[in-house]
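For reference, the structure discussed in these notes is given below.
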Amino acid sequence: MKIAQVYINQLNINTDRPFDYFVPEKLENEIMPGMRVIVPFGINNKKIDGLIYKITEGNNTEKLKKILGTIDGFPTLDWRQLEICEWLQFNYHSFFMDAANSYYPGTISIKTRRHKSGETEYYVNSKAKEDISYRFTEKFQEMDFEKLSDLLKSNAIIQKRILRLIFEKKQKHEWIKSEINNCNTALKALIKANIIEPYKSENDRSSNFNLSEKPALTIIQKKILEEYEKSDHKGYLIHGVTGSGKTEVYLRMMEASLKTGKSCLYLVPEISLTPQTINRIRERFDEEIAVIHSKITESDRIRQYRDIENRKIKIIIGARSAIFSPFKNLGVIIIDEEHENTYKSGNRPRFDTITLAGKIAELHGAKLVLGSATPSIATYYNAIMGKYKLFKMPDRINGQSMPPSTIVDMREELKNGNRSFLSKRLYDSIKRRLEEKEQVILFLNKRGYFSFVFCRECGHVIKCNKCDVAMTYHGKSNKMECHYCKSSKPVAEFCPNCNSKKIKYSGSGTERIQSMLAKYFPESKILRMDTDTMRKKDDVQNALTSFSKGEADILLGTQMITKGFDFENVTLVGVLLADLTLNFPDFRASERTFQLITQVSGRAGRGERQGEIVIQTYDPEHYVLEFASRHDYEGFYEKEIKYRKIGDYPPFTQLLYVGFSGNQRDAVKKDCETYYKMLEEEIKDLGDQDMMNQVYPPAQSNITRINNKYRYYILIKTNEIKTFNKVISKINRSRTNKIKSNMVVDVNPNIIY
DNA sequence: AGCACGCCGACT
DNA sequence: GTCGGCGTGCTC
């Protein structure tokens, strides 16, 4: 008799294991691992969806409950995907169903249906809807809006609004729904009156893009591709400076994969920042392309999912969530800008995309290609150690050398009586470039710079009520915001501590600098880009197109301007204060700073004119700045890897963060300490005394409270991550109710709070 | 998670 | 006596 091991779709540490179910005779032939099923669960036999993990034979079926039915009639996950779920469960401490749910789009509700025979059938209503649009019926197609709305009753306001939307070609149901709150009755009335009719909108993803010619390859591109073709390496790292032609290499690699009938996955750090790349891929291949990220609509996701699964779509572009696409026969995974920290997931499953992609490539026999102008230290180390084959593209494709950099010592400026944020050197350069009608990029990594609010009388800093952080003043809304819990409060007129009126508000870094720049260069137009000004989805793209059209002279911004955009007319890049990220208490501070400066420097001189870079700092001798100004990645790497070795930091070790949070400080602290003791005991059992030295004792988080939750953590810095993963899994499974705080395990986390 | 069981204090 | 608050333990 068949027994199915089923994972229940109940995301909890106690239910994160397979449960045995009896497979009824009528399902015996149908049932397979990877299928979604409906099962009764718990004391009340609640119907719940689950996923078949394994099928075994057995005789002790009397005690087992039976599977009520299947959901899809086919496996939604294949053996590879099941293996990945298990792999994520063990290596990143996610629940099995967290990973499984990442694979399958849409939510499920279980319905019952009673047959005449008395039998109850369980089925599923997927919330996935077809994409519905509305158009005018034949009779009304030619009529103009005024005439049409005269046909309606005068009080049918919603109906009129809907008609206007359809007139304006906002005919998709989804769009109408987003503009008009309760549109359903009005829509029904309009359909009943035979004025409009619904239709299934075809997807227009493969619409008319002009295919472009393939450019001729440079010598280095040719050489890399030849070696790539004949190599049987599993992983590759392309280290190429900005403008060296990496994208063309990626495109040819994809082409090679498609030629053998295999699919390609092309990952980018953030979809909204890479429209140029997406267009380039669209223009190259005469194929349908799926663009996947977390913000697409559910119906879009489901349609693309289906087309990828039945292999109609073979090219998948996306942010990190696209790694869970249902590709069947993958030839190559390309990860562009592999150093970006968006590749590390901060939610369950908390995986690292590069490691996961390596695992997936292995299962598919696909090639993994990483590319960056500033590879992460860990990746470059792996390349040096032979895990990835290293390709270098040290020259720009247009033959131009990297623009020269100047480091400006801001201490000298202070000595000379210049208290402004602009050095004489940078001011002169900006002035000259503007006179030449060239464009300037100024980069500020603000991170709390000049943005908190304090009392000049008593020094009191205004903090968030729910979090232990200073609030940030936003001039635009004239409010104070907490960047951690997103709450805001109106500005205080008096100091809440001493009642003084001398409360000092300064705008956020970029905001403040924008107004000062406007004073220095009254003739020029300044475009500011940061998370405050770029709130809406298309803001970033609109701003960047506007700047590339020359509608502004100076682009002032934070991290987001460092991403790969080409501006022909930009000849000067200024880094306003390089030290800001350098002094961050994180072992990757140097790495991040080097990457940021190098990436933003790459924006200069991409046109015909020679560019220049000016880096302002209070610490001009710092090795990061020296190497960055010389565009010397290898030099930086050599130095940095030595520091990592000395400090026993990644890539020589791995970090495991075990965090606890809850409303009561003492309870959280106690839980953290209890967990530490459990770790101690488990490790003692293993008989390896040295291992406990790799565990740092419980500590209070840097930000002690976020959203009214107190935070403690244990950090493990180890070169035996597998052993620790085993120990942690064991503890998490046995601790049941000993620990009541929220617990998070994050492997190699992005930030340590 | 979600639910039932059971132990204890408060209250008609 | 008994109602219900919440701590505890289990789900094939």
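These numbers come from a predicted model, not from an experiment. Just so we're on the same page: letters track the sequence lines, and every chain starts at 1.
- We find that CZ of R17(A) is positioned 11 Å from P of dC10(C), with the value rounded to whole Å.
- Residues of residues 31-45 of chain A that place a heavy atom closer than 4.0 Å to DNA chain B, in numerical order, are I43(A), N44(A).
- For the pair R711(A) and F660(A), the cation does not sit on the ring face, since its NZ or CZ is not both under 6.0 Å from the ring centre and inside 45° of the axis.
- Partner of R36(A) under the side chain to side chain contact (heavy atoms under 4.5 Å, CB included) criterion, out of I52(A), D72(A), V6(A): D72(A) alone.
- Among dA1(B), dT11(C), dG2(B), the nucleotide with an atom closest to any side-chain atom of K46(A) is dG2(B).
- In this entry the distance linking CD1 of I739(A) with P of dT8(C) reads 14 Å, nearest Å.
- Rounded to whole Å, the distance from CZ on F19(A) to C1' on dA1(B) is 12 Å.
- Counting to the nearest Å, the P atom of dG9(C) and the NZ atom of K740(A) are 13 Å from each other.
- Rounded to an integer number of Å, the gap from CG of N14(A) to C1' of dC3(B) is 13 Å.
- Near DNA chain C, defined here as any heavy-atom distance below 4.0 Å, there are no residues from residues 88-99 of chain A.
- E682(A) has a carboxylate O that lies under 4.0 Å from a charged side-chain N of K730(A), or vice versa, which qualifies the two as a salt bridge.
- Atom CG of N732(A) is separated from atom P of dA1(B) by 13 Å (rounded to the nearest Å).
- At a threshold of 4.0 Å, the pair D468(A)-K463(A) counts as salt-bridged, since one of the basic side-chain nitrogens sits closer than that to a carboxylate oxygen.
- At whole-Å resolution of the value, CZ in R733(A) and C1' in dT11(C) are 15 Å apart.
- The cationic atom of K669(A) (NZ for Lys, CZ for Arg) does not lie both less than 6.0 Å from the six-membered ring centre of Y710(A) and within 45° of the ring axis.
- The distance from atom OH of Y7(A) to atom C1' of dA1(B) is 17 Å, rounded to the nearest whole Å.
- Residues forming a side chain to side chain contact (heavy atoms under 4.5 Å, CB included) with N101(A) (at least two apart in sequence, or on another chain): N9(A), L11(A), M97(A).
- The residues K740(A) and D671(A) are annotated as not salt-bridged, no charged nitrogen and carboxylate oxygen being separated by less than 4.0 angstrom.
- H339(A) approaches S376(A) most closely through the heavy-atom pair CB-N, 3.7 Å.
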Stepwise ring-ring contact (aromatic ring centres under 6.0 Å, His included) check, F41(A) with F19(A): CA-CA 9 Å; F41(A) 190 68; F19(A) 289 85; 5.0 Å; yes

